[in-house]
Trainee: 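The structure that follows is given in the form of structure tokens.
Labels below follow one simple rule: chain letters A, B, ... track the order of the sequence lines, proteins then strands, and each chain is numbered from 1. These numbers were taken from a predicted model, which means no experiment stands behind them.
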Amino acid sequence: MADTEKIIEIEVLRYRPEQDKEPVWQSYKVPFTDDMSVLQGVQYIKDYLDETVSFRWSCRMAICGSCGMMIDDKPKLSCKTFLRDYYPGKLRVEALKHLPIERDLIVDATDFITKLESIKPYIIPKEERTLAQGEYLQTPEQRDMYEQFSSCINCMLCYAACPQYGLNPKFTGPGILALMHRYNADSRDGGQAERNELGYADEGYWGCTAVGYCSEVCPKGVDPANAINQNKMNSAINYFTRFVTPGGADK
Amino acid sequence: MEVYKADVAIVGAGGAGLRAAIAVAESDPKLKIALISKVYPMRSHTVAAEGGAAAVTRPDDSLDHHFNDTVGGGDWLCEQDVVEYFVAHAHEEMVQMEHWGCPWSRKEDGHANVRPFGGMKIERTWFAADKTGFHMLHTLFQTSIKYPSIKRFDEHFCVDLVVEDGRVQGVVAIEIATGEFRLIQAKAVIVATGGAGRVFRENTNGGIVTGDGMALAYRHGVPLRDMEFMQYHPTCMPRTGLLFTEACRGEGGFLLNKDGYRYLQDYGLGPPEDKPRNKFMELGPRDRLSQAFWHEQQKGRTIEGPFGSVVNLDLRHLGEAYLRERLPQIYELAEEFMGVDPAHTPIPVVPGVHYTMGGILADGKTASGLPGLYSVGECSSVGIHGANRLGSNSLTELIVFGKVAGDEAAKFAKATSISNPGAIEKQADAIQARALGIVNKADGTERIAVLRTEMAKSMESGCGIYRLGTTMQETCNKIDELKQRYKKLKVDDKSKVYNTDWLLAIELGYLLDVAQVIVYSAFNRKESRGSHQRLDGYEQRDDVNYLKHTLAYYNGDGAPRIEYGDVKITKSKPGTRAYGAAGVKADEERKKQGAANG
Amino acid sequence: MSNRRPYVRSMDGWWKRDAYFVSYMAREVTSVFVAAYAVVLLFGLVRLGQGEAAFNGWLQYLKTPWMLVFHVIVLAVFCYHTWSWFKIMPKTMPIMFVGGKRVQPGTITGTGLAAAVVACLALLFIVGGVS
Amino acid sequence: MKRSNEPIFWSLFGAGGMLAALVGPALVFITGIAVPFGLVFKPETMSYAHMLALSQNWAGKIFILAVIALFLWHAAHRIHILLHDFGVHAVTAVRVLCYGGAFAGTVIAAYTLLMIKA
Ligand SMILES: Cc1cc2nc3c(=O)[nH]c(=O)nc-3n(C[C@H](O)[C@H](O)[C@H](O)COP(=O)(O)OP(=O)(O)OC[C@H]3O[C@@H](n4cnc5c(N)ncnc54)[C@H](O)[C@@H]3O)c2cc1C
Ligand code: SF4
Ligand code: F3S
Ligand code: FES
């Protein structure tokens with residue numbers, strides 16, 4: 001390699017359920033070059049220092065959403081965080097906060113996936129259309145209304161950022177509520193009423209106290225805080241008008 | 001062992017596997033579907049596809065154009081009847097994706113927009129900004145949730161197929177979180193495990209793209225077809241291999257050598273023009289562009305620097321605003337990974353391994369020779385890519401043939417029943433014992449990372465953009481040696497919960513099998529065609545001897561047995577594969593000939 | 001039997017973990033001062049109802065140094081409230097387009113802050129004019 | 001899933017928060033600093049007579065009630081969340097305390113204003 005190698009210390013929060021009672025820090029010294037990501041640093045550990053260190057990764061290009069970790073206590077995608085930014089100090093990596101640690105840097109994603117499945121994350125057509133009729137027409141402006149919310153890569157960084165989820169895991173949480181809004185805001189979709197049942201509950205929009213950190217850490221500019229909080233007004237209006245507007249009292 | 005009884009089991013939940021699952025569910029809601037994936041579906045590597053998916057859309061386009069581009073692009077090694085089916089069903093599948101919510105980029109009038117792509121005569125590539133694969137994958141995954149008959153086995157690692165009574169009757173998988181084994185019994189199995197780019201060093205593929213399904217089918221006697229054809233993508237990030245989509249060039253990007261010269265004009269792709277022109281210059285096919293890079297390097301006209309030899313991808317003239325709108329992800333990649341602002345500085349790029357053209361031998365309806373076994377997606381070879389895939393044809397392949405695979409497997413499952421469940425369970429136990437053997441071995445000495453690195457390096461030197469008999473021979477020997485050393489592999493991690501060390505070890509076994517097939521197939525093909533280019537006396541295409549598919553058969557511990565199969569030719573006789581001005585001329589001549597032949 | 005034993009980390013002291021959380025908590029704590037100020041006003045109102053002597057007692061009370069310190073702090077807290085209120089405002093509004101361009105969060109916050117300045121000045125002028 | 005009753009409290013919270021954000025700083029400056037210490041305004045700005053007059057007309061009554069009650073509801077909602085944030089999970093007790101306080105303050109203010117006759 002052309003540039004001279006530097007060494008950085010990486011501390012990893014280890015947790016091996018079959019042998020550790022609770023997580024422990026373990027330190028490794030990793031040679032690196034300036035273009036190396038934190039993920040590559042951790043991969044180096046696994047390849048050459050300690051094969052038992054476990055973590056998820058795949059795409060290396062910030063799109064598959066596997067590699068989220070707490071890096072110096074901030075939720076980040078390890079594949080697009082660079083070792084050079086921590087040098088000459090050391091850095092600490094830990095499994096995403098607020099989620100149970102399955103092992104080492106791997107969190108248990110079951111809750112996230114179950115919630116994703118619960119919000120009807122698919123088009124419930126406003127009007128049926130056959131393939132022969134071609135595509136639904138949607139102007140670029142209509143697309144812009146939901147595009148940002150459809151960019152979520154399910155990396156769960158926002159869950160590691162949201163204290164309300166940490167305090168109460170029943171809260172649906174930022175990423176999934178953003179996805180719910182993505183479908184509600186799609187001009188092709190007519191499923192809002194069905195989804196609002198969850199949205200308008202304590203576990204839905206109302207579990208959020210507008211901390212806003214979710215949007216701060218989101219690597220894809222989804223802005224889940226916006227997806228949630230812009231719906232509180234609708235939810236409130238619906239609450240007060242449901243008995244007077246036709247069809248307003250949807251469950 | 002826990003047993004789950006399904007009608008159709010699908011291994012792989014990328015674009016192909018998900019589309020197949022939905023097809024089975026729609027064809028008959030009573031069929032029980034097991035959808036198995038070693039990662040959560042949305043992590044599948046389809047997520048990384050950027051540019052788009054091809055389907056004839058504009059009034060000035062035609063199915064024949066798409067057919068000709070694909071077959072010519074594939075250097076006539078395509079199954080032409082399958083290509084005909086493919087181009088005919090592409091558009092309706094795009095519309096289907098749209099109905100399911102895929103956020104296709106739109107024109108002002110509300111219709112889906114199309115963009116130009118390398119090797120395509122007319123704009124026909126549907127896109128969702130530069131995150132097309134991401135949006136297709138998430139749309140398919142989220143839509144699949146609608147169907148209660150799809151039971152997902154997320155983070156389940158498939159270790160083998162169960163073949164009993166001469167047909168596939170299930171798969172065995174490890175539940176990664178617990179290390180427990182599961183037998184998934186099924187009357188039909190669809191393999192949709194994606195490509196094998198990880199056999200190489202610098203590549204655009206995700207860490208999970210390790211050729212698992214190919215190796216599994218191969219070990220059960222199904223041949224792998226045309227595996228020597230590995231696509232090099234001309235514009236990748238040096239060292240990491242991350243991709244700068246072809247759309248960069250579709251939108252008007254230039255490739256420059258160290259003199260700032262658009263060198264592609266020296267390789268039969270000119271003349272250069274300011275605006276992108278389909279099948280000219282930067283919009284030539286990937287194999288040609290990667291080869292041109294190699295020649296520039298030989299001539300000392302590449303740029304030498306900290307990243308090795310590179311050329312420049314110049315997007316500056318497109319302006320920041322346009323780049324941010326059309327290529328936001330590319331902008332981000334360049335800025336964050338390389339510290340390069342593409343609006344002001346050209347991006348250094350190199351060719352990197354990108355796509356596995358070959359795969360599990362399948363007929364035009366995705367069926368393999370082994371009854372009950374279907375394959376679809378990058379792991380499969382239904383025959384549309386030939387010797388070189390055109391960009392944006394493979395996302396379309398996932399959905400067109402995903403549906404076919406689902407329909408066919410459903411039909412097969414309905415017509416059969418499980419035979420001999422006792423024997424199936426016994427087999428599953430044996431599979432479990434074998435998989436555990438890898439981790440429980442006492443006398444191992446070899447390290448996973450060491451073998452993997454040696455393999456990748458050797459593949460790169462033997463099966464690069466240009467190939468030589470001697471180096472290929474060296475690589476054959478090297479892979480044979482690594483397969484022996486693999487038997488002495490040492491797995492440090494002995495735990496059950498999320499033991500990725502163990503999975504890496506199993507994947508390495510798959511990689512080595514696939515690597516061996518690639519290099520032996522390449523060694524035996526004594527001609528140059530598409531992405532397989534030789535420099536040792538076989539520089540020309542040889543239709544007399546090699547207008548044939550390579551079929552590699554598993555042969556235990558020995559080298560694969562190489563055979564050849566016919567290519568199905570319907571309406572396009574092999575011609576000169578030319579681009580740029582020469583391409584226009586060749587087209588005209590073909591037309592004249594066609595008219596003369598009546 | 002499963003070997004899984006997912007480890008759940010404690011949330012104790014979470015608000016100290018990150019500067020962002022500290023600023024969030026500061027925003028929430030403003031409410032204590034808003035309440036205190038409202039109680040002071042409520043107290044004055046009750047005194048008003050009890051007659052001139054009682055109300056003057058309340059007015060005298062406001063002039064004590066302690067109350068000055070208190071109100072200076074409350075003023076600072078209210079200013080922080082105003083700033084944080086409009087800072088989070090863009091999160092509560094649907095995506096809007098004006099003339100085909102997306103309205104930026106900064107614009108919303110800026111407009112809110114401007115409105116607050118106008119409202120405050122208006123109040124000061126009204127009060128100044130009436131008296 | 002059960003529809004949340006949050007909208008009631010949230011609406012009051014929001015109204016109070018908006019009022020506080022718009023005029024709060026000026027209000028505090030006037031009642032807490034400027035008038036008691038004789039800055040900017042005339043000393044009789046908040047005299048008994050002036051204040052009585054204000055609380056005798058309907059607009060004045062509404063303004064006073066709005067400020068006191070909405071500030072209280074705004075604060076009650078946030079304090080409620082604050083306690084939850086600090087890990088106090090006695091949900092019902094906390095609610096009764098916070099919203100009960102705001103309710104009591106509202107009733108006292110309204111009663112007092114009603115009792116002040118023109
Ligand atoms: C960076 C990049 C950009 C691309 N851009 C384009 C483009 O613009 N246009 C285009 O047409 N094509 C593009 N391609 C190609 C195209 O994206 C892929 O060919 C296609 O997505 C492959 O899809 P698939 O469903 O076959 O496999 P994948 O999406 O890779 O899915 C494989 C699935 O199999 C599962 N699996 C694998 N092994 C096992 C196992 N042992 N046990 C259990 N599950 C297993 C995985 O978990 C995964 O779910 C691109 C490719 C790359 C790498
Ligand atoms: S909203 Fe952002 S942070 Fe949250 S899961 Fe999606 S991409 Fe990740
Ligand atoms: S951090 Fe949590 S509380 Fe709301 S604004 Fe984001 S979801
Ligand atoms: S590895 Fe895919 S997001 Fe980081």
Trainee: Using distance alone, with no hydrogens and no angle criterion, decide if D72(A) and Y86(A) have a side-chain donor and acceptor under 3.5 Å apart.
Mentor: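 Note: D72(A) and Y86(A) side chains miss the donor-acceptor criterion.
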Trainee: If I measure from the heavy atoms of chain C, does Y205(A) come under 4.5 Å with its side chain, its backbone, both, or neither?
Mentor: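 Answer is neither: Y205(A) stays 4.5 Å or more from chain C.
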Trainee: Against Y165(A), only a single residue in F112(A), Y159(A), F171(A), Y213(A) fulfils ring pair (Phe, Tyr, Trp, His ring centres under 6.0 Å); can you say which?
Mentor: Y159(A)
Trainee: Relative to chain C, which of M145(A), M233(A), E141(A) shows the most heavy atom pairs under 4.5 Å?
Mentor: M145(A)
Trainee: Checking side-chain polar atoms at under 3.5 Å, does Q142(A) have a donor or acceptor matched by the opposite partner on Y136(A)?
Mentor: no
Trainee: Looking only at the side chains, is there a donor atom on one of Q230(A) and N226(A) sitting less than 3.5 Å from an acceptor on the other?
Mentor: yes
Trainee: Y28(A) and D50(A): side-chain donor and acceptor closer than 3.5 Å?
Mentor: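 Yes.
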Trainee: Do the rings of W14(C) and F21(C) sit parallel, tilted or perpendicular, given the 30° and 60° boundaries?
Mentor: perpendicular
Trainee: Could you walk me through whether E94(A) and R9(C) pass salt bridge (Lys or Arg N to Asp or Glu O under 4.0 Å), step by step?
Mentor: CA-CA 11 Å; E94(A) 173 184 345; R9(C) 284 158 286 179; 2.7 Å; yes
Trainee: Which bit of M11(C) comes within less than 4.5 Å of chain A, counting heavy atoms only: side chain, backbone, both or neither?
Mentor: side chain
Trainee: T209(A), I228(A), N231(A): which one forms the most heavy-atom pairs within less than 4.5 Å of chain C?
Mentor: T209(A)
Trainee: Between R17(C), R102(C), M25(C), which residue shows the highest count of heavy-atom pairs closer than 4.5 Å to chain A?
Mentor: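 If we count pairs closer than 4.5 Å to chain A, R17(C) comes out on top.
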Trainee: Measure distances from I95(C) to the heavy atoms of chain A and classify the residue's part below 4.5 Å as side chain, backbone, both or neither.
Mentor: both
Trainee: Looking at F78(C) versus Y37(C), is the centre-to-centre ring distance below 6.0 Å?
Mentor: yes
Trainee: Measure distances from P105(C) to the heavy atoms of chain A and classify the residue's part below 4.5 Å as side chain, backbone, both or neither.
Mentor: neither
Trainee: Can you tell me which portion of A161(A) sits under 4.5 Å from chain C's heavy atoms? Options are side chain, backbone, both or neither.
Mentor: backbone
Trainee: With a 4.5 Å cut-off on heavy-atom pairs, point out which of E18(A), Q148(A), K97(A) contacts chain C the most.
Mentor: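 The residue among E18(A), Q148(A), K97(A) with the greatest pair count is K97(A).
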Trainee: Can you tell me which portion of D144(A) sits under 4.5 Å from chain C's heavy atoms? Options are side chain, backbone, both or neither.
Mentor: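 Contact with chain C: backbone and side chain both.
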Trainee: Counting heavy-atom pairs closer than 4.5 Å to chain A, which one of Y20(C), Y24(C), F97(C) comes out on top?
Mentor: Y20(C)
Trainee: Can you check whether F55(C) and W58(C) have ring centres sitting under 6.0 Å from each other?
Mentor: yes
Trainee: With chain C, which of K232(A), H181(A), E22(A) has the greatest number of heavy-atom pairs at distances under 4.5 Å?
Mentor: E22(A)
Trainee: Do you know which of L99(A), D73(A), V107(A) has the most heavy-atom pairs under 4.5 Å to chain C?
Mentor: L99(A)
